[in-house]
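What you see below is based on every heavy atom in this structure, not just the backbone, and it leaves out hydrogens, waters and symmetry mates. On a predicted model such as this, the values are computed, not experimentally measured, just so you know.
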Amino acid sequence: MDEVKFGGELITRLMDHLCERLPGCRGAGLSVWPDGAVIRAVGVARELDQAQVDGQEGPLVEASRDERQVTGQVGGLDVVAVPGSWGDGGPVVLTVYLDHPPHVEDLKAIEEIEPLVATAAAVVEFCAGEVLRADQMVRMVQHRRYIEQAKGLVMGARPCPPGDAFELLVRASQHANVKLRDISMALVLVASGELEDADDVTMPPQIAFDTARRLWGAVNL
């Protein structure tokens, strides 16, 4: 079995597993941007992801454009759209369709599986020679590391599970309309004063730093 075929089957299995873990999950999909190509979709995502891509509107499109987690409704279902940073070319977006507004446990399960799905997608696209270059894969790993570091900082300042820490970061990102990776990078800089392997990283905008300072102050009360 070649890498591309294996990666595609792995994506499908991971999305099936995610749907099984989430009560009321009606489907999940994965797409690559900026072209909006749907890589894999299960359940209702087969139709609803493509409908958003074709119509150029909806939580999927908004998450790809702003590179931040977006929730909303499509086809009478609640949707969580989670972008993963792939570098300058655009994100890969995981969509999860639920028959209820997402709970903390839903977001936690999505958070745990999304990096695995994104990595499998990276294998598919990198081996196919279509989207990713090696430097983009390195940048994707860097962005994820900053998000994990920011979660660790929140958990250290306000003892809480990883899912709760991630939810705080996501809410700050949504409220300020700033990318999750930028909020995370800014929080690491605000709290520690430095970033690992920051030579080739674009610094977050000022609003990310302002939001990170407010968040850091709130969790340290």
Legend entry - Pairwise distance CG(Leu153) to CH2(Trp216) - rounded to 0.5 angstrom: 5.0 Å

Inset, instruction - Would you mind checking if Glu148 and Lys151 are paired as a salt bridge, meaning a charged N to carboxylate O distance below 4.0 Å? - result: yes

Inset, instruction - Take His17 and Ile113 through the side chain to side chain contact (heavy atoms under 4.5 Å, CB included) test and state the conclusion after the steps. - result: CA-CA 9 Å; His17 173 65; Ile113 294 178; 3.5 Å; yes

Legend entry - Nearest heavy atoms of Ala45 and Gly29, plus distance in Å: CB-N, 3.7 Å

Legend entry - Contact check, side chains of Asp99 and Arg26, non-hydrogen atoms, under 4.5 Å: yes

Legend entry - Residue pair Leu169 / Leu215, side-chain heavy-atom distance below 4.5 Å: yes

Legend entry - Between CD on residue Glu112 and CG on residue Leu107, distance to nearest 0.5 Å: 11.5 Å

Legend entry - Pair Asp16 + Arg13: basic N to acidic O under 4.0 Å: no

Legend entry - Hydrophobic cluster membership, Val70 vs Leu98, 4.5 Å side-chain cutoff: no

Inset, instruction - Would you check if there is a donor-acceptor pair between the side chains of Tyr97 and Asp49 at a distance under 3.5 Å? - result: yes

Legend entry - Transitive ILVMFWY side-chain link Val44 to Val53, under 4.5 Å: no

Legend entry - From CA spacing to verdict: side chain to side chain contact (heavy atoms under 4.5 Å, CB included), Val154, Leu187: CA-CA 9 Å; Val154 172; Leu187 184 62; 3.9 Å; yes

Legend entry - Backbone of Val178 reached by a side-chain donor or acceptor of Ser173 within 3.5 Å: yes

Legend entry - Trp33 and Val92, any side-chain heavy atoms less than 4.5 Å apart: no

Inset, instruction - Please report the shortest heavy-atom distance between Ala81 and Val93, naming the atom on each side. - result: CB-CG1, 4.1 Å

Legend entry - Pairwise side-chain contact, Met185 with Val188, heavy-atom cut-off 4.5 Å (strictly under): no

Legend entry - Interatomic spacing from CD in Gln73 to CG in Asp78 - rounded to 0.5 Å: 4.5 Å

Legend entry - Passing option when Arg40 is tested against Ile11, Val117, Leu14 for side-chain contact (heavy atoms from CB on, under 4.5 Å): Ile11

Legend entry - Distance, nearest 0.5 Å, that separates CG of Leu18 from CE of Met15: 9.0 Å

Legend entry - Heavy-atom donor-acceptor pair, Gln174 side chain to Gln69 backbone, under 3.5 Å: yes

Legend entry - Minimum heavy-atom distance between Val190 and Ala212, given as atom pair plus value: CG2-CB, 4.1 Å

Legend entry - Electrostatic pair Glu167-Lys108, nearest N-O below 4.0 angstrom: no

Legend entry - Shared hydrophobic cluster, Leu189 / Ile147 (ILVMFWY, side-chain heavy atoms < 4.5 Å): yes

Inset, instruction - Give, for atom CZ of Arg145 and atom CZ of Arg181, the distance between the pair rounded to the nearest 0.5 Å. - result: 14.5 Å

Inset, instruction - Determine whether Phe166 and Val104 make a side-chain contact, defined as any pair of heavy atoms from C-beta on separated by less than 4.5 Å. - result: no

Inset, instruction - Answer whether the closest heavy-atom distance between the side chains of Leu94 and Ile110 falls below 4.5 Å. - result: yes

Inset, instruction - First locate atom CD1 of Ile207, then atom CG of Asp182, and finally report the distance between them rounded to the nearest 0.5 Å. - result: 10.5 Å

Inset, instruction - Return yes when atom NE2 of His100 has more than 12 non-hydrogen atoms of other residues, nucleotides or ligands closer than 6.0 Å, and no otherwise. - result: yes

Inset, instruction - Decide whether Leu22 and Val82 are clustered together by the hydrophobic rule: side chain heavy atoms of Ile, Leu, Val, Met, Phe, Trp, Tyr closer than 4.5 Å, transitively. - result: yes

Inset, instruction - Spell out, as yes or no, whether a donor-acceptor pair under 3.5 Å connects the side chain of Ser64 to the backbone of Val61. - result: yes

Legend entry - Minimum side-chain heavy-atom gap Pro59-Thr71 below 4.5 Å: no

Inset, instruction - Decide whether Val42 and Val80 are clustered together by the hydrophobic rule: side chain heavy atoms of Ile, Leu, Val, Met, Phe, Trp, Tyr closer than 4.5 Å, transitively. - result: yes

Inset, instruction - Start with the C-alpha gap between Ile39 and Ser31, add the side-chain angles, then the distance that decides, and say whether side chain to side chain contact (heavy atoms under 4.5 Å, CB included) holds. - result: CA-CA 5 Å; Ile39 299 176; Ser31 55; 6.0 Å; no

